[in-house]
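Nothing here was measured: the structure is a model prediction, and the numbers come from that model. Order of the sequence lines sets the chain letters (A, B, ...), proteins ahead of strands, with each chain counted from 1.
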Protein chains: 2
Amino acid sequence: MYELFFEKLAEKIALTPGQQDIIKRYLIPKKIRKNQYLLQEGDVARHAAFVEKGALRAYSVDEKGAEHIIQFAFEGWTISDMYSFMTGNPATYNIDALEDSELVLISTNAQEEILKQIPEYEAYIRLQVTGAYMAMQKRITSMLSLSLEERYINLIKLYPNLIQRVPQRMIASYMGLTPETLSRVRRKIKNK
Amino acid sequence: MYELFFEKLAEKIALTPGQQDIIKRYLIPKKIRKNQYLLQEGDVARHAAFVEKGALRAYSVDEKGAEHIIQFAFEGWTISDMYSFMTGNPATYNIDALEDSELVLISTNAQEEILKQIPEYEAYIRLQVTGAYMAMQKRITSMLSLSLEERYINLIKLYPNLIQRVPQRMIASYMGLTPETLSRVRRKIKNK
DNA sequence: ACTGCAGCTTGACAATTGTCAATGCATTTT
DNA sequence: AAAATGCATTGACAATTGTCAAGCTGCAGT
């Protein structure tokens, strides 16, 4: 259990089996069915969720009811409403499952406890967040400087399995487009 | 010297005067004139820069020569090409000064040394990066779900001094717009 | 003070993207 | 097997945004 979690952890920091056991005690396994919510806007995010298996998305809903996907999370990724998780304020994003999924939950308290007992864990979180930050920076740069076709091609190159696992309209939402526009972008690319 | 740097540091972690002295030894003060480069695309970012005074921007340049601003940095902010800084790969962004500025540089080596000697510093960086991550997430959410007018109004509300210190065309660039479009957005807002 | 330049604004027009409606296809439900 | 549902595609048209050209303003440098 928690195989992938500790595998990813080991990529960033070295821990003894004893330290791993301490961490294990604070982890909560959770299975979640497709379409179920992990977090709803307005609730407080009391956990960060590491994805052992499956796929989730975080998204906001605007006044018109349109959904805007801020993040996907597949195996090996962590997802939460970071702002809510860090501050205890109500979440501004919804998170739900795109597939039946297996998660590892870490509560705010658990994270504090782990940090107290295993200071190395701090570096793990730092590197984790840094990676997420850099990915997000690339995403903004792509939005600012590339054509839709280039953006789509790059996205698929970066996450080749995205197409297989996520409906087009959600990729459109992630890119800030309507499904119709994404469909036309794909046609243009195909006809080249 | 380094007043603001240590003030910001103290907001996140508690350090003894002795620890502060250790950090001080690794910091490099640098003054930079308006329009001067701090970093050019292709070079390796060997430092992160904390802004004691002044203003800088990080931006990429596309094939057509258009600039796209990924980040502004004013007093109390840190700026670098994080990817290059972390990996040692060539930078993909340019960084230059919008005003005569006073910076505190921290080299990659300095950061490593500080982390070795003062483990509390790790938490500082983590919180720093987490803040940057959350800000960037808000920026993407704003790009995905708001109208141009709302985005502009929110931006000005968030950074009220931006208008005073940064030319409109750079705000347009930051928002992913042409200067003409931003000018029209501003006119619409004014006529309400 | 004068000149020149850079930045903001405006207008006319082009290109891109969104909206709405219809269709087709595949999957699920009955 | 038939019906219903959800998703992708397409077309026609509307709205938004970009492009190009021109003019205005204020500041910088002489």
Nucleotide C:dT9, atom C1' - distance to CD of B:Glu180 in whole Å = 9 Å
note: B:Ile189, atom CD1; C:dT9, atom C1'; distance rounded to Å ~ 15 Å
Specify the separation, in whole Å, of atom CG of B:Leu98 and atom C1' of C:dG7.
-> 15 Å
Tell me, do B:Thr92 and B:Ser60 make a side-chain contact under 4.5 Å, heavy atoms counted?
-> no
Choose from C:dT10, D:dT10, C:dT9 the nucleotide whose nearest atom is closest to any side-chain atom of B:Arg186.
-> C:dT9
When we call it a touch if two heavy atoms are under 4.0 Å apart, what does B:Pro179 touch: a base, just sugar-phosphate, or nothing?
-> nothing
Look at the side-chain N and O atoms of B:Thr178 and state whether any lies under 4.0 Å from the OP1 or OP2 oxygen of D:dG18.
-> yes
Please report, rounded to the nearest Å, how far the C1' atom of C:dT17 is from the CG atom of B:Leu177.
-> 14 Å
Could you state the atom-to-atom distance from CZ of B:Arg187 to C1' of C:dG11 in whole Å?
-> 9 Å
Over-ring placement of A:Lys24 relative to A:Phe6, 6.0 Å and 45° cut-offs = yes
Angle between terminal axes - the helix from C:dA1-D:dT30 to C:dT30-D:dA1, 5 pairs each end, rounded to 10° | 40°
Which of the following nucleotides, D:dT10, D:dT17, C:dT9, is nearest to the side chain of A:Ser183?
-> D:dT10
Indicate, with a heavy-atom threshold strictly under 4.0 Å, whether B:Leu182 touches base, sugar-phosphate, or nothing.
-> nothing
Integer-rounded Å distance: D:dT10 P and A:Lys188 NZ | 14 Å
Nearest-nucleotide comparison on DNA chain C, the residue closer to the 5′ end among B:Met170 and A:Thr181 | B:Met170
Identify which one of A:Tyr152, A:Tyr159, A:Phe72 satisfies the ring-ring contact (aromatic ring centres under 6.0 Å, His included) criterion when paired with A:Tyr174.
-> A:Phe72
Could you tell me whether the side chain of A:Tyr26 reaches within less than 4.5 Å of the side chain of A:Gln117, counting heavy atoms only?
-> yes
Any chance you could lay out the side chain to side chain contact (heavy atoms under 4.5 Å, CB included) test for A:Ile23 and A:Leu9, step after step, and finish with the verdict?
-> CA-CA 11 Å; A:Ile23 293 174; A:Leu9 201 55; 3.9 Å; yes
So, A:Arg33 and A:Glu99, do they make that salt bridge, N to O below 4.0 Å?
-> no
note: B:Glu67, atom CD; C:dG7, atom P; distance rounded to Å ~ 10 Å
Look at B:Lys31 together with B:Asp100 and state whether they make a salt bridge at an N to O cut-off of under 4.0 Å.
-> no
In whole Å, what is the span from the CZ atom of B:Arg184 to the P atom of D:dA15?
-> 17 Å
